[in-house]
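As structure tokens, the structure follows; a few thoughts come after it.
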Amino acid sequence: MIGLIVGGIICLCSTFCGICIEGYYKKRNAYMQDFLNFVEFALQNIKFAKDNTDKIFDDFLQQYYGLDTRKILTENCVKNKKIKPFAQTLIELKSEFGKSKTIGKQNLYDICQNKILNKKQIFVSIEIFGKFGVLDYANQLNHLEKSRSLLTKEVEMSNKFVNVNGKLAYKLGFLLGLALMILMI
């Protein structure tokens, strides 16, 4: 009887690990999708309205997340758990852009490095944000077009990881727990 209870607990824990792994892939996918939306938003605003970086950050955060950056930056709640990870990245970038118009690679790495992205995605983020707002009009549009095509590929890969690896982790977690439960009995 105790073996059945312990086996059930092991099965639940193993299934929970699979669910957590699937959630990790979903968060990464949402981050990359938000990043692609930001690049497309910036491309349109630079192309048609010729907005500056501060206005692009403010407008994107307001339209996509309903966040007022002036309020957030004055309250110093940049690391708020309720704010989505990409919105946190943009808020930190906006505060760094406010200090100086360029951000060093180490500062960009510190901002873009989080628990969601893999190394390739971090370096893609650094490449895109490193030239954001620094180039002239034509080069900025060219850079954002290239960034959009690169991010589209990253989003497709991220979708693939969610659909294949995420679901596989969930199913394997349950099956591993079930196998251990059977061995316990």
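Computed from a predicted structure; not experimentally measured. Both backbone and side-chain heavy atoms feed into the values below; hydrogens, waters and symmetry mates do not.
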Listing, residues 143-153 side-chain donor-acceptor contacts under 3.5 Å, not counting sequence neighbours, or none:
residue, atom, partner, partner atom, Å
His143, NE2, Ile128, O, 3.2
Glu145, OE1, Arg148, NH2, 2.7
Glu145, OE2, Arg148, NH2, 3.2
Ser147, OG, His143, O, 2.8
Ser149, OG, Lys146, O, 2.8
Thr152, OG1, Arg148, O, 2.7

Per-pair distances, 0.1 Å, donor-acceptor, side chain in residues 59-66, under 3.5 Å, sequence neighbours excluded:
residue, atom, partner, partner atom, Å
Asp59, OD2, Lys55, NZ, 3.0
Tyr65, OH, Asp34, OD2, 2.8

Interatomic distance, CD@Gln33 vs OG@Ser158, rounded to 0.5 Å, equals 8.5 Å
Who are the ring-ring contact (aromatic ring centres under 6.0 Å, His included) partners of Phe35, not counting sequence neighbours? Phe86, Phe129
I'd like to check the ring-ring contact (aromatic ring centres under 6.0 Å, His included) partners of Tyr24; sequence neighbours left out, ordered by chain and number. none
For Asn165, give me all partners under side-chain hydrogen bond (donor to acceptor under 3.5 Å, both in side chains), at least two apart in sequence or on another chain. none
Smallest heavy-atom separation, Asn29 atom then Val155 atom, equals OD1-O, 4.0 Å
Count I, L, V, M, F, W, Y as connected when their side-chain heavy atoms are under 4.5 Å apart, and connections chain through other members. Are Leu67 and Phe41 then in the same cluster? yes
Counting only heavy atoms not in Phe161, do more than 12 sit closer than 6.0 Å to its CZ atom? no
side-chain hydrogen bond (donor to acceptor under 3.5 Å, both in side chains) filter on Thr89, not counting sequence neighbours, yields Tyr31
Please check if Val124 and Leu36 belong to a single hydrophobic cluster, counting links between Ile, Leu, Val, Met, Phe, Trp and Tyr side chain heavy atoms closer than 4.5 Å. yes
Among the clusters formed by ILVMFWY side chains lying less than 4.5 Å apart, do Ile19 and Ile116 turn up in the same one? no
Suppose clustering is done on Ile, Leu, Val, Met, Phe, Trp and Tyr with side-chain heavy atoms closer than 4.5 Å. Which residues sit in the same group as Ile5? Ile9
Across all chains, not counting sequence neighbours, the side-chain hydrogen bond (donor to acceptor under 3.5 Å, both in side chains) partners of Asn142 are none
Do the two ring centres, one from Phe132 and one from Phe38, sit under 6.0 Å apart? yes
Asn163 side chain vs Asn159 backbone, donor-acceptor pair below 3.5 Å: yes
Residues in side chain to side chain contact (heavy atoms under 4.5 Å, CB included) with Tyr137, at least two apart? Ile46, Lys47, Lys50, Leu141
Any donor-acceptor pair under 3.5 Å from Arg28 side chain to Leu117 backbone: no
Pair listing, salt bridge (Lys or Arg N to Asp or Glu O under 4.0 Å) test, anchored in residues 122-144, at least two apart: Glu127-Lys131
Pairs involving residues 117-126, ordered by first then second residue, that meet salt bridge (Lys or Arg N to Asp or Glu O under 4.0 Å) (sequence neighbours left out): Lys120-Glu154
Could you list the donor-acceptor pairs under 3.5 angstrom formed between side-chain atoms of residues 167-185 and any protein atom two or more places apart in sequence or on another chain?
none

